[in-house]
Amino acid sequence: AVPRPSNEFLLRGRSALVAKRYDESVRELSKCIELEARNFECYRLRAQSYSDMGKFDQSIADYTFVLNANPTDAETFVSRGLVYVKRTQG
């Protein structure tokens with residue numbers, strides 16, 4: 001398989017998320033999305049970064065984008081629900 005150009009940004013974004021460097025994670029994952037607008041893993045990871053930053057509306061928007069493309073994605077559905085709960089808890 002030919003490596004996709006977005007993979008480099010996906011890997012860097014995931015590493016930054018794990019290291020709790022959320023601004024860097026969002027930046028790298030946004031670059032991934034610029035290169036490959038339907039790379040749903042980038043959206044899911046960016047949504048997690050936004051959630052961890054307390055940017056719940058942006059997180060919900062990314063999760064919703066994934067769900068609009070794949071409404072049966074149970075994991076993403078649950079993740080979005082958890083962000084709604086976090087948002088209401090302030």
Side-chain angles (χ1 to χ4, degrees):
V2 175
R4 300 183 331 219
S6 59
N7 282 351
E8 175 184 342
F9 296 107
L10 171 62
L11 294 174
R12 289 199 309 232
R14 181 183 289 131
S15 294
L17 173 59
V18 169
K20 299 184 181 191
R21 296 188 313 264
Y22 303 120
D23 288 329
E24 179 184 342
S25 177
V26 166
R27 191 170 48 253
E28 295 297 331
L29 294 165
S30 294
K31 290 176 186 173
C32 173
I33 290 165
E34 286 174 26
L35 288 172
E36 192 176 351
R38 296 186 58 83
N39 188 324
F40 300 121
E41 183 64 13
C42 290
Y43 280 95
R44 281 190 285 271
L45 291 170
R46 188 173 73 173
Q48 181 62 54
S49 295
Y50 279 139
S51 176
D52 290 347
M53 296 168 82
K55 296 182 176 184
F56 303 125
D57 291 340
Q58 293 96 320
S59 176
I60 290 166
D62 277 356
Y63 282 133
T64 299
F65 180 84
V66 174
L67 288 169
N68 285 339
N70 185 6
T72 61
D73 183 343
E75 183 178 341
T76 298
F77 191 79
V78 169
S79 294
R80 185 180 69 173
L82 292 172
V83 176
Y84 276 113
V85 170
K86 286 170 74 173
R87 186 174 72 174
T88 61
Q89 293 173 344

Answer with yes or no whether the side chains of D62 and Q58 bring together a donor and an acceptor at under 3.5 Å.
-> no
Take R12 and E24 through the test salt bridge (charged side-chain N to carboxylate O under 4.0 Å, His left out) and record every step on the way to the result.
-> CA-CA 9 Å; R12 289 199 309 232; E24 179 184 342; over 6 Å; no
Does V26 share a hydrophobic cluster with L17, counting links as ILVMFWY side-chain heavy atoms below 4.5 Å and allowing steps through other members?
-> yes
Is there side-chain contact between S51 and F56, with at least one heavy-atom pair below 4.5 Å?
-> yes
S25 side chain to R21 backbone, donor-acceptor under 3.5 Å = no
Given the rule in the salt bridge (charged side-chain N to carboxylate O under 4.0 Å, His left out) test, do K31 and E34 qualify, once you have shown the distances and angles that lead to the verdict?
-> CA-CA 5 Å; K31 290 176 186 173; E34 286 174 26; over 6 Å; no
Side chain to side chain contact (heavy atoms under 4.5 Å, CB included) between R14 and L11, intermediate numbers included | CA-CA 5 Å; R14 181 183 289 131; L11 294 174; 3.8 Å; yes
For a side chain to side chain contact (heavy atoms under 4.5 Å, CB included) with Y43, tell me which candidate from I33, L67, L29 qualifies.
-> I33
Dump the intermediate steps for side chain to side chain contact (heavy atoms under 4.5 Å, CB included) on Y63 and F77, then the final yes or no.
-> CA-CA 8 Å; Y63 282 133; F77 191 79; over 6 Å; no
Where do A69 and F40 come nearest, in terms of heavy atoms and distance?
-> CB-CZ, 3.3 Å
State which residues pass side chain to side chain donor-acceptor pair (under 3.5 Å) with N70; sequence neighbours excluded, sorted by chain then number.
-> T72
Sidechain N-carboxylate O distance under 4.0 Å for R46, E28 | no
Can you check side chain to side chain contact (heavy atoms under 4.5 Å, CB included) on K20 and D52, steps first, answer last?
-> CA-CA 8 Å; K20 299 184 181 191; D52 290 347; over 6 Å; no
After noting the C-alpha distance and the side-chain angles of S79 and R44, does the key distance pass the side-chain hydrogen bond (donor to acceptor under 3.5 Å, both in side chains) rule?
-> CA-CA 9 Å; S79 294; R44 281 190 285 271; over 6 Å; no
State whether the side chain of S59 and the backbone N or O of A47 hold a donor-acceptor pair below 3.5 Å, judged by distance alone.
-> yes
Kindly say whether D73 contributes a backbone atom to a donor-acceptor pair with the side chain of T76 at under 3.5 angstrom?
-> no
Separation between CZ (R80) and OG1 (T64), nearest 0.5 Å, reads 4.0 Å
At what distance, to the nearest 0.5 angstrom, does CG of L45 lie from OH of Y50?
-> 12.5 Å
Excluding sequence neighbours, so at least two apart, what forms salt bridge (charged side-chain N to carboxylate O under 4.0 Å, His left out) with D57?
-> R87
